[in-house]
*Asks:* 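Take this structure first; my questions come after.
Small disclaimer: the values here were computed from a predicted structure and weren't measured. Values below: every heavy atom of this structure, side chains too, minus hydrogens, waters and symmetry copies. Read the numbers this way: they start at 1 and go in the same order the structure lists the ligands and their atoms.
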Amino acid sequence: MMESSRKSPAEKPRIALGADHAGFQAKESIKKYLQSAGYAVSDAGTWSEESVDYPDFAIRVARRVQQGQEDLGILVCGTGIGMAMAANKIGGIRAAVAHDALTARMSREHNDANVLALGARVLSEHQIIEVAVSFLGAQFAGGRHQRRVDKISELDQEPKHKA
Ligand code: RB5
């Protein structure tokens with residue numbers, strides 16, 4: 001079950017979108033904005049305000065980014081927290097919750113975040129678009145930050161233990 005739109009110009013990252021019922025309306029607004037701005041967007045659902053479980057959508061989007069089907073993911077739930085927790089369990093995913101433009105930008109520049117998790121019950125739709133635009137407009141700075149991100153990536157190799 002996947003809705004895909006046209007290809008975007010090469011310089012724009014391809015975006016995988018996902019939301020639960022709490023984030024559905026905001027996800028639709030983000031999709032509309034991104035498509036009008038020329039981004040290629042895939043929509044992993046959900047497609048209504050009927051109650052669903054956020055991990056299902058976080059996992060779908062995270063796997064698409066992990067497998068390179070899209071370059072970046074944007075997830076929306078009530079707070080962004082559950083989406084980020086679930087997405088960060090998928091190897092290679094660095095999901096950041098951001099509630100403002102600065103942290104969204106820094107999550108790309110310093111942490112090379114490849115998924116942005118947003119809270120539709122925290123921010124207005126206008127603010128959500130602003131935060132998403134800041135995330136998408138930023139680039140990973142590399143340098144000393146690469147070494148630190150590599151240390152996070154190494155954790156993907158650790159065997160999983162029960163807490
Ligand atoms: C759903 O009510 C809510 O728990 C979910 O959208 C999200 O905020 C979880 O982190």
*Asks:* Students should be able to answer this: which protein heavy-atom is nearest to atom 9 (C) of ligand 1, and at what distance?
*Replies:* Tyr54 CE2, 3.5 Å
*Asks:* Testing the basics here: between Ile128 and Ala26, what is the closest heavy-atom pair and its distance to 0.1 Å?
*Replies:* CD1-CB, 3.9 Å
*Asks:* Looking only at side-chain N and O atoms, does Asp156 offer a donor or acceptor that is under 3.5 Å from a partner on Ser153?
*Replies:* no
*Asks:* Quick one: look at Arg121 and ligand 1, take heavy-atom pairs under 4.0 Å, and tell me if it's side chain, backbone, both or neither.
*Replies:* side chain
*Asks:* Taking all non-hydrogen atoms of both residues, which atom of Asn111 and which atom of Met106 are closest, and how far apart?
*Replies:* OD1-O, 3.4 Å
*Asks:* Hey, is Met85 one of the residues with a heavy atom under 4.0 angstrom from ligand 1?
*Replies:* no
*Asks:* Which ligand 1 atoms, with their elements, are less than 4.0 angstrom from a heavy-atom of Ala22?
*Replies:* 6 (O)
*Asks:* Which protein heavy atom lies closest to atom 10 (O) of ligand 1, and at what distance to 0.1 Å?
*Replies:* Gly82 N, 2.9 Å
*Asks:* Do other residues, nucleotides or ligands put more than 12 heavy atoms under 6.0 Å from the CD atom of Gln67?
*Replies:* yes
*Asks:* For ligand 1, note which part of Asp20 has a heavy atom under 4.0 Å away: side chain, backbone, both or neither.
*Replies:* side chain
*Asks:* Between the main-chain N or O of Asp56 and the side-chain N or O of Asp53, is there a donor-acceptor pair closer than 3.5 Å?
*Replies:* no
*Asks:* Please name the pair of heavy atoms, one in Glu70 and one in Arg14, separated by the smallest distance, quoted to 0.1 Å.
*Replies:* CB-O, 3.5 Å
*Asks:* Gly78 heavy atoms, cut-off 4.0 Å: which ligand 1 atoms fall inside?
*Replies:* 5 (C), 6 (O), 7 (C), 8 (O)
